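These values consider heavy atoms only, across backbone and side chains, with no hydrogens, waters or symmetry-generated copies. None of these values were measured; they are calculated from a predicted model.
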2 protein chains.
Amino acid sequence: MGVHNQPHAGLASRATLADVAKLAGVSGSTASLAFSGGSISSATRERVLTAARELNYSGPDPRARSLRQGRSGIVGVIIEDRVLNSFRDPMTLAALDGISQELGEGSGLLLLTATGDGESTIQSAVFDAAIFMGCSPHLARSIEIMRQRNVPMVAIEGQAFDGVLAVNIDNRHASAELAALVHTLGHRRLATVTLPLTSVRERAQLTDELVKTATTAVSLDRLLGARQVFANLGGIVAAGSSSDEGFAAGMELLSRPAEERPTAILAQSDLLAVGVIRAAEALALVVPRDVTVVGFDGARIEGFTDHDLTTVRQPATEKGRAAGSAVTALLAGETPGDVSLSSVLHVGSTSGPPAG
Amino acid sequence: MGVHNQPHAGLASRATLADVAKLAGVSGSTASLAFSGGSISSATRERVLTAARELNYSGPDPRARSLRQGRSGIVGVIIEDRVLNSFRDPMTLAALDGISQELGEGSGLLLLTATGDGESTIQSAVFDAAIFMGCSPHLARSIEIMRQRNVPMVAIEGQAFDGVLAVNIDNRHASAELAALVHTLGHRRLATVTLPLTSVRERAQLTDELVKTATTAVSLDRLLGARQVFANLGGIVAAGSSSDEGFAAGMELLSRPAEERPTAILAQSDLLAVGVIRAAEALALVVPRDVTVVGFDGARIEGFTDHDLTTVRQPATEKGRAAGSAVTALLAGETPGDVSLSSVLHVGSTSGPPAG
DNA sequence: CTGTTAGCGCTTTCAG
DNA sequence: CTGAAAGCGCTAACAG
């Protein structure tokens, strides 16, 4: 004549595994096994599951489980700009997709935005490993903390950091290759449109001071690659990777008399390049007759079908997959090395010899 | 006389708050306060922090904290397609950005992909509240579980579910409005290109059977809205929201003799509409003279500048923000109601009276 | 196959 | 302002 554990009319408190165990007449550990798929007789399991159903218990609390196991199954993905800006860039999105593919449905991706102000979230968030999508010096403190916590870290195209596994592409080399192509075609008066060099999102003239303060590895590498061929290459720093930015920069660079105008423009992303091409066309210039425009990325851009952009195709999804598999390996206690992926030059129809 | 758990010479195991407390010569609770910003004398706090530094202790373990507090600060965002497909759609990305804006840097967004196979992750992941971005019937089980767990849920443009707060836009109404506009212009032979009706990503003829099995609320609502005006409206179900899909569908619909060809096409998204327009142009048809094309969304589409698309502008970011603030309210124990946002008709240059 | 026993690392009453 | 005690809910040894 046991007092049946009348659960307060199901009001506030949820049932716990212990309650279920008691109702099923088994021990806690047995009940636990029933849920984690351990080896118990199917009769017992049935009994436990029935009890659970009765109590409206729907499985172990993830919080408790993660404390106990020391694992949450969550991988943090840290971006340094707001979500919209980050993922509007097709390469970044592709990389995220690659991560997700590799990690599988088994683990969730915790999107953490570190715009630099409060580094709090990243310190107090629950995750087992972190992937930085481009990481700049001002993450140093967070990185330090995660290192202390023994959280494996991987950076996709970020600044090199001790203890952070690097997944990179050959930005500098590929950029140099592209520049060499343009040089070979005969161009000598060039300009570039770079991606932002710092976290400041503001269009600006490309100056040496700016270059010195650069914190964005990708932009800097691409610039340095191009400068291997064109030593003092100048131009404009865009406020982001969009065709609008490219357009603005293009207008600025191309609205000059033919003798001063660059005969070729190296844009650091395809979106920028598309914008530059539109600017050229708006100025009644013909590409590539009047101006050669090359990009970087190999993005399939919606609605850009008139031209076949000369560019470098980078393995974007692959970057994500590599990062994902590095994380998996690190969590398994292995010690994988840095990853370096390579891009492929694609000569399209937007490049040609200079006029005249 | 308990056996003291000797932590293997500080090798693997991290220091805990208890260790710090001991070294600082204070109690655990005091040490805790030092980190959570509770009220303790600054002398004591200093002592604790120094001890922490000495032990390489970088703050409370998020897992333990979240168990103790019953809160993790994580909001789950559930999408039903792979990351790439979901966020390539500008509206979905904008909504995600809205969520992130509203929730602030304080809380992380846990991206959970529920493609229907293993519903495991969503059940075992740590989060305090969930936001579904479009949710279909096959999430029923997960929803059931979360309800049992008392996890607040919000669905952006999903199927209605008991206990899931709905954030919707006036899909049906707006679609009807658009259809009415086309009707007023004099069109009588129409076709539509819909978004996928189910999780199957495959282009298909729009049939009644398909409509009956539809699980995607958005697509269905937009279709029903249009059918309020054009009762038996037929057409094609696209495999996704992209201009490529629109192009394929457009080719299919428009490659017919003028007498059979629809004089107007209602596309369920702007990307689809752009594709349809390209198809029309590829077939040497002039928009809107030979065919009227309208979209839905109000997306700014890269590189689509020749036309001003007739469409309906939906408050995409706003959807996300509303969901975010609903989550905040729910977590605070309030009981906010469903949210319904409205779209605005935009008459551009891609619609006009039928030829002849 | 099942039960007993200890905590995971932290916060939070409750006293002093 | 500080300390002592009591778990949050679960799982992992280890016995039986």
Distance check needed: [N] [atom2] versus [X] [atom1], whole Å only.
| X | N | atom1 | atom2 | answer |
| --- | --- | --- | --- | --- |
| A:Gln69 | D:dC10 | CD | P | 12 Å |
| A:Leu17 | D:dA12 | CG | P | 12 Å |
| B:Phe35 | C:dT12 | CZ | C1' | 18 Å |
| A:Lys22 | C:dT2 | NZ | P | 20 Å |
| B:Asp128 | D:dC8 | CG | C1' | 14 Å |
| B:Arg63 | D:dC8 | CZ | P | 21 Å |
| B:Arg68 | C:dT11 | CZ | C1' | 4 Å |
| B:Asp61 | D:dC8 | CG | P | 19 Å |

Please tell me if the side chains of A:Phe132 and A:Val154 come closer than 4.5 Å, counting only heavy atoms from C-beta onward.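 No, side chains not in contact.
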Heavy-atom check, side chain of A:Leu84 versus side chain of B:Leu93, under 4.5 Å: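 The answer is yes; the side chains approach within 4.5 Å.
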Hey, what's the ring geometry for B:Phe87 with A:Phe87, parallel, tilted or perpendicular (30° and 60° as the breaks)?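 Parallel.
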Quick one: CD on B:Glu102 to OG on B:Ser325, what's the gap to the nearest 0.5 Å?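 That separation rounds to 5.0 Å.
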Examine distances only and state if a side-chain atom of [X] and a backbone atom of [Y] form a donor-acceptor pair shorter than 3.5 Å.
| X | Y | answer |
| --- | --- | --- |
| B:Arg147 | B:Asp162 | yes |
| A:Asp128 | A:Arg71 | no |
| B:Asp338 | B:Ala166 | yes |

Proximity to the side chain of B:Ser29 - top-ranked nucleotide from D:dT2, D:dA4, D:dC10: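 The answer is D:dA4, which lies nearest to the side chain.
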Choose from C:dG9, C:dG3, D:dG9 the nucleotide whose nearest atom is closest to any side-chain atom of A:Thr16.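 Among C:dG9, C:dG3, D:dG9, the one nearest the side chain of A:Thr16 is D:dG9.
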[N] OP1/OP2 closer than 4.0 Å to side-chain N/O of [X]:
| X | N | answer |
| --- | --- | --- |
| A:Ser32 | D:dT11 | yes |
| A:Arg65 | D:dT11 | yes |
| A:Ser27 | C:dG3 | yes |

Just checking, any donor-acceptor pair under 3.5 angstrom between side chains of B:Ser29 and B:Ser32?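 Not at all, the side chains of B:Ser29 and B:Ser32 share no donor-acceptor pair under 3.5 Å.
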Find which nucleotide of DNA chain D each of B:Gly25 and A:Gly28 is nearest to by heavy atoms, and output the residue with the more 5' nucleotide.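 The 5'-side residue here is B:Gly25.
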Compute the angle between the rotation axes at the two ends of the helix from C:dC1-D:dG16 to C:dG16-D:dC1, each taken over five pairs, rounded to 10 degrees.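 Terminal axis comparison yields 30°.
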Decide, yes or no, whether a salt bridge links A:Arg149 with B:Asp61 under the criterion of side-chain N to carboxylate O below 4.0 Å.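 The answer is no: the pair does not qualify as a salt bridge.
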Heavy-atom contacts under 4.0 Å between residues 39-58 of chain B and DNA chain D, which residues?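 Per residue number, the list reads B:Ser39, B:Ile40, B:Ser41, B:Thr44.
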